[in-house]
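Residue numbers begin at 1 in each chain, while the letters A, B, ... track the order of the sequences. Below, all heavy atoms of this structure are taken into account, side chains as well, without hydrogens, waters or symmetry copies.
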Protein chains: 2
Amino acid sequence: MNIQPLLNYISKIVTLTDEEITFLTSQVTYRKYLKGQYILQQGDINKSVCFVVSGCTKMFYVDTDGQEHILMFAVEDWWSSDLGSFISQTPSDFNVQCIEDTECIVFSYNNMEETYAHIPKLERLFRKTIEKAFVASQKRIVRNFSMSAKERYLIFRDSYPEIEQRIPQYMVASYLGITKEFLSKIKSQIALQ
Amino acid sequence: MNIQPLLNYISKIVTLTDEEITFLTSQVTYRKYLKGQYILQQGDINKSVCFVVSGCTKMFYVDTDGQEHILMFAVEDWWSSDLGSFISQTPSDFNVQCIEDTECIVFSYNNMEETYAHIPKLERLFRKTIEKAFVASQKRIVRNFSMSAKERYLIFRDSYPEIEQRIPQYMVASYLGITKEFLSKIKSQIALQ
DNA sequence: AAATGATGTTAATGTAGATTAACATTTTTT
DNA sequence: AAAAAATGTTAATCTACATTAACATCATTT
């Protein structure tokens with residue numbers, strides 16, 4: 001099991017001792033998924049938090065009309081999980097599905113308390129990571145309220161150019177909260193300028 | 001300075017020793033604001049996180065057209081802060097203003113590292129608090145994408161009946177991401193049923 | 001109690017983005 | 001290389017909500 005990508009990521013935020021690295025290695029597992037596979041399905045209880053080593057996942061909600069709404073993508077060095085289901089161990093509102101073959105390092109709910117207790121630095125790391133995710137989420141709410149779909153698309157394109165390249169356009173539309181037809185219109189309009 | 005409300009809040013999540021309580025008391029300050037006063041203004045760097053003891057605040061963004069978009073309210077036992085500005089010490093995107101006379105217990109950025117270092121349990125508390133806030137924020141994004149304004153209003157009303165009672169309707173509209181005129185229409189429509 | 005400002009309502013008109021549907025293109029499977 | 005599946009485009013029509021504007025009510029100040 002190669003957890004080097006996770007260690008590299010961690011080392012940017014906190015410094016672990018050799019002993020802590022050994023302990024961490026014993027707490028996580030490695031898992032490969034094929035394109036199309038579900039890591040989590042709406043209604044199931046989420047037992048794990050995945051650190052993406054390679055590939056890409058989408059987290060989405062299927063509403064009562066069967067419409068899919070994408071909340072986030074996760075690529076290399078990102079975390080992929082329905083945190084709500086994880087922290088309260090209640091049925092998930094969301095699906096997490098791989099849109100490429102994906103390799104993950106997995107933290108299990110059962111080990112989490114022990115991991116935090118043994119390596120408080122990791123609790124710090126997760127606090128900081130979630131702080132950033134929360135801030136990004138609030139900014140997204142504001143953008144959805146105060147900006148047009150075109151403006152939001154341009155920001156997405158500029159913020160995540162690598163992600164836009166590797167996912168189909170209808171998923172970008174879903175992430176932006178618009179239809180694929182309207183995103184198509186926006187793009188042709190941008191192309192004319 | 002009476003920090004009992006904060007201690008009561010903390011005791012629901014983690015248990016502090018007497019020594020830790022003494023230390024915490026030395027790290028925070030008490031502050032009163034009048035209705036209308038700003039705790040934070042867009043563009044300023046946020047130096048503090050407030051725990052609301054009494055009163056009510058709103059956090060909002062003023063867009064380029066001068067329109068106000070409310071992100072959250074904070075009443076008793078809630079946290080009120082632009083976390084993005086706080087954690088990165090960069091100019092704030094948001095305003096925090098008191099919509100009632102408000103009393104707060106204030107954590108200062110300068111003390112925060114020391115507080116976490118001295119009371120790791122508080123880092124745990126903040127991790128959990130922010131986890132919940134993040135989850136709520138994600139659910140709000142999904143609701144904004146998948147539900148009508150009427151459905152969102154009904155959920156707000158059922159989730160925060162006390163808050164709806166104490167704030168003007170045009171602020172509820174702003175929080176929901178609609179105009180006050182449209183919320184008025186929704187309410188009269190509900191009344192007819 | 002009059003005046004002022006803040007908040008709420010109603011109705012007409014406008015628009016960003018949804019829906020539908022038909023077709024075009026690209027990718028994957030056989 | 002043909003067929004099938006997935007993805008993307010275009011255009012007509014529809015709708016949820018915004019905008020504007022005029023007025024109504026309530027709260028606060030003088």
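For the pair B:Asp63 (side chain) and B:Asp65 (backbone), a donor-acceptor distance under 3.5 Å is present.
If you measure from atom CZ of B:Phe145 to atom C1' of D:dA16, you get 16 Å, rounded to the nearest angstrom. The distance between atom OH of B:Tyr170 and atom C1' of D:dC17, rounded to the nearest whole Å, is 21 Å. Computed from coordinates, the B:Asn144 CG to C:dG17 C1' distance equals 16 Å when rounded to whole Å. Taking atom CE of A:Met147 as the reference point, atom C1' of C:dG17 lies 16 Å away to the nearest angstrom. Rounded to an integer number of Å, the gap from CG of A:Leu176 to C1' of C:dA16 is 15 Å. Atom NE2 of A:His69 is separated from atom P of C:dA18 by 11 Å (rounded to the nearest Å). The distance between atom NZ of B:Lys150 and atom P of D:dC17, rounded to the nearest whole Å, is 11 Å. Protein atom CD of B:Glu151 is 11 Å distant from nucleotide atom P of D:dA16, rounded to whole Å.
For A:Arg127 and A:Glu131, the salt-bridge test passes: some basic side-chain N is under 4.0 Å from an acidic carboxylate O. Using a cutoff of 4.0 Å between basic side-chain nitrogens and carboxylate oxygens, A:Lys121 and B:Glu123 are not scored as salt-bridged.
Checked against C:dT10, C:dG8, D:dT9, the side chain of A:Gln169 finds its nearest nucleotide in D:dT9. Here the nucleotide nearest the side chain of A:Pro168, chosen from C:dG17, C:dG8, D:dG8, is D:dG8. If you check C:dG17, C:dT10, D:dT10 against the side chain of A:Ser184, the one that comes closest is D:dT10.
If you take CG on B:Asn2 and CD1 on B:Ile105, they are separated by 7.0 Å, rounding to the nearest 0.5 Å.
Clustering of Ile, Leu, Val, Met, Phe, Trp and Tyr side chains at separations under 4.5 Å leaves A:Leu34 isolated, with no partner residue.
Inter-axis angle, ends of the helix from C:dA1-D:dT30 to C:dT30-D:dA1, five pairs per end, rounded to 10 degrees: 50°.
Using a 3.5 Å distance cut-off with no hydrogens or angles, the side chains of A:Gln138 and B:Tyr61 do not pair a donor with an acceptor. Using modelled atom types and a 3.5 Å distance limit, the side chains of A:Thr57 and A:Ser80 yield a donor-acceptor pair.
Taking the ring centroids of A:Phe107 and A:Phe86, they lie at or beyond the 6.0 Å cut-off.
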Practice prompt. Could you please spell out the steps behind the ring pair (Phe, Tyr, Trp, His ring centres under 6.0 Å) verdict for A:Trp78 and A:Phe73?
Written response: CA-CA 9 Å; A:Trp78 286 52; A:Phe73 302 104; 9.3 Å; no
Fill in: Per-nucleotide protein contact string for nucleotides 18-30 of chain D (B base, S sugar-phosphate only, - none; heavy atom under 4.0 Å)
SBBB---------
